[in-house]
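Start at 1 with the first residue, then count along the sequence. Computed from a predicted structure; not experimentally measured.
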Amino acid sequence: MVRYTFKKEERLCNKKLLTKLFQSGSSFILYPYRISFLPSQHLPHPIQIVVSVPKRRFKRAVDRNLLKRRTKEAYRLQKHILHTFITHHEEELLLAFQYIGKEILDYQTIHKRMGIALAKIQHEYNTHHMAKGN
């Protein structure tokens, strides 16, 4: 049975890990997100994520919070796809979703793009992992 939860251990709050993710992690753009990821070790949860929405683009906090809530909800409902993939490979992953869109998208669009993003993370992870192994 799949559990649709998003607990505190799944949130990336450690400043050292955040710095490491943004300095040496791989990234790609899948509108409306710029997604950064970094395989890691010794994490409290197999996948830790952070969601950010820029203050420069969305001046009002209610707009930023709305986009973060929608992103987290879309991730929460679809994370089992990525979670089973990562646990199967016995790895751990740091993940960042940076909202780069210029407008506030509706939830259905964000949900659909999140599914595509999680599939692309798997593909990029395999590509990155294979290149590192050779």
Side-chain angles (χ1 to χ4, degrees):
M1 184 173 152
V2 179
R3 300 194 101 185
Y4 300 104
T5 59
F6 187 62
K7 297 183 178 183
K8 174 99 172 119
E9 299 86 44
E10 297 178 62
R11 296 182 186 160
L12 180 55
C13 300
N14 187 320
K15 289 188 180 190
K16 287 181 183 179
L17 291 176
L18 278 167
T19 304
K20 187 176 176 184
L21 170 62
F22 290 119
Q23 285 182 349
S24 56
S26 302
S27 66
F28 61 91
I29 292 178
L30 184 68
Y31 190 83
Y33 298 109
R34 179 177 188 265
I35 301 163
S36 302
F37 66 95
L38 179 68
S40 189
Q41 297 172 345
H42 310 297
L43 297 177
H45 197 270
I47 303 171
Q48 286 195 318
I49 76 160
V50 63
V51 176
S52 68
V53 179
K55 190 173 186 178
R56 173 182 278 179
R57 198 159 285 159
F58 298 97
K59 302 292 185 202
R60 297 173 50 204
V62 291
D63 295 335
R64 293 193 303 275
N65 292 339
L66 174 68
L67 288 168
K68 286 191 269 190
R69 268 197 319 273
R70 287 180 179 174
T71 300
K72 288 175 189 174
E73 181 68 4
Y75 172 77
R76 181 183 73 84
L77 293 175
Q78 300 180 68
K79 72 176 182 177
H80 63 276
I81 300 165
L82 187 61
H83 194 271
T84 53
F85 174 79
I86 291 297
T87 53
H88 175 72
H89 283 78
E90 297 177 358
E91 292 280 342
E92 294 175 345
L93 190 67
L94 299 174
L95 193 56
F97 291 97
Q98 296 171 295
Y99 195 89
I100 58 170
K102 293 186 185 338
E103 66 280 341
I104 297 174
L105 296 176
D106 60 32
Y107 176 73
Q108 287 76 19
T109 306
I110 288 176
H111 185 81
K112 195 180 302 180
R113 298 304 287 180
M114 180 61 70
I116 296 168
L118 294 176
K120 185 160 171 117
I121 290 168
Q122 290 180 15
H123 175 71
E124 293 286 328
Y125 178 84
N126 278 335
T127 306
H128 182 264
H129 199 266
M130 293 295 186
K132 196 175 184 181
N134 289 338

Item to check | Leu93/Leu82 under side chain to side chain contact (heavy atoms under 4.5 Å, CB included): CA gap, chis, key distance, verdict | outcome: CA-CA 10 Å; Leu93 190 67; Leu82 187 61; 4.2 Å; yes

Checklist entry - After noting the C-alpha distance and the side-chain angles of Leu118 and Tyr75, does the key distance pass the side chain to side chain contact (heavy atoms under 4.5 Å, CB included) rule? => result CA-CA 9 Å; Leu118 294 176; Tyr75 172 77; 4.2 Å; yes

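In this structure, Glu92 contributes its side chain and His42 its backbone to a donor-acceptor pair below 3.5 Å. Under a 3.5 Å cut-off, the side chain of Arg113 and the backbone N or O of Tyr31 do form a donor-acceptor pair. Under a 3.5 Å cut-off, the side chain of Arg34 and the backbone N or O of Phe97 do not form any donor-acceptor pair. In this structure a side-chain-to-backbone donor-acceptor pair under 3.5 Å is present from Gln122 to Ile81.
Between atom CD of residue Glu124 and atom OG of residue Ser27 there is a gap of 9.0 Å, rounded to the nearest 0.5 Å. To the nearest 0.5 Å, atom OG1 of residue Thr71 and atom OH of residue Tyr107 are 9.5 Å apart. Here Thr19 contributes atom OG1 and Asn14 contributes atom CG; the two are 8.5 Å apart, rounded to the nearest 0.5 Å. Atom CG of Leu38 is separated from atom OG of Ser26 by 7.5 Å, given to the nearest 0.5 angstrom. Atom CD of residue Glu91 and atom CD1 of residue Ile47 lie 11.5 Å apart, to the nearest 0.5 angstrom. Here Leu94 contributes atom CG and Ile49 contributes atom CD1; the two are 11.5 Å apart, rounded to the nearest 0.5 Å.
In this structure, Ile104 is a member of the same hydrophobic cluster as Met114, with clusters built from ILVMFWY side-chain heavy atoms closer than 4.5 Å. In terms of hydrophobic clustering, with Ile, Leu, Val, Met, Phe, Trp and Tyr side chains grouped at heavy-atom distances under 4.5 Å, Leu105 and Leu66 are assigned to a common cluster. No path of Ile, Leu, Val, Met, Phe, Trp and Tyr side chains, each step under 4.5 Å between heavy atoms, connects Leu18 with Phe37, placing them in separate hydrophobic clusters.
Phe85 meets the ring pair (Phe, Tyr, Trp, His ring centres under 6.0 Å) test with His89, Tyr125; sequence neighbours excluded.
Residue pairs meeting the salt bridge (Lys or Arg N to Asp or Glu O under 4.0 Å) criterion with at least one partner in residues 68-88, sequence neighbours excluded, are Glu10-Lys79, Glu73-Arg76.
Using a 4.5 Å cut-off on side-chain heavy atoms (C-beta onward), Arg57 and Ile100 make contact. Between Ile121 and Phe28, some side-chain heavy-atom pair lies under the 4.5 Å cut-off. Between Gln78 and His111, the closest side-chain pair of non-hydrogen atoms falls below 4.5 Å. Residues Leu95 and Leu12 fail the side-chain proximity criterion, which asks for heavy atoms closer than 4.5 Å. Counting heavy atoms from C-beta on, the side chains of Ile110 and Tyr33 come closer than 4.5 Å.
In Glu90, the CD atom is not crowded: 12 or fewer heavy atoms of neighbouring residues, nucleotides or ligands sit closer than 6.0 Å.
Between Ile86 and Pro46, the closest heavy-atom pair is CG2-O, 4.2 Å.
The aromatic rings of His45 and His83 sit tilted relative to each other, their planes meeting at an angle between 30° and 60°.
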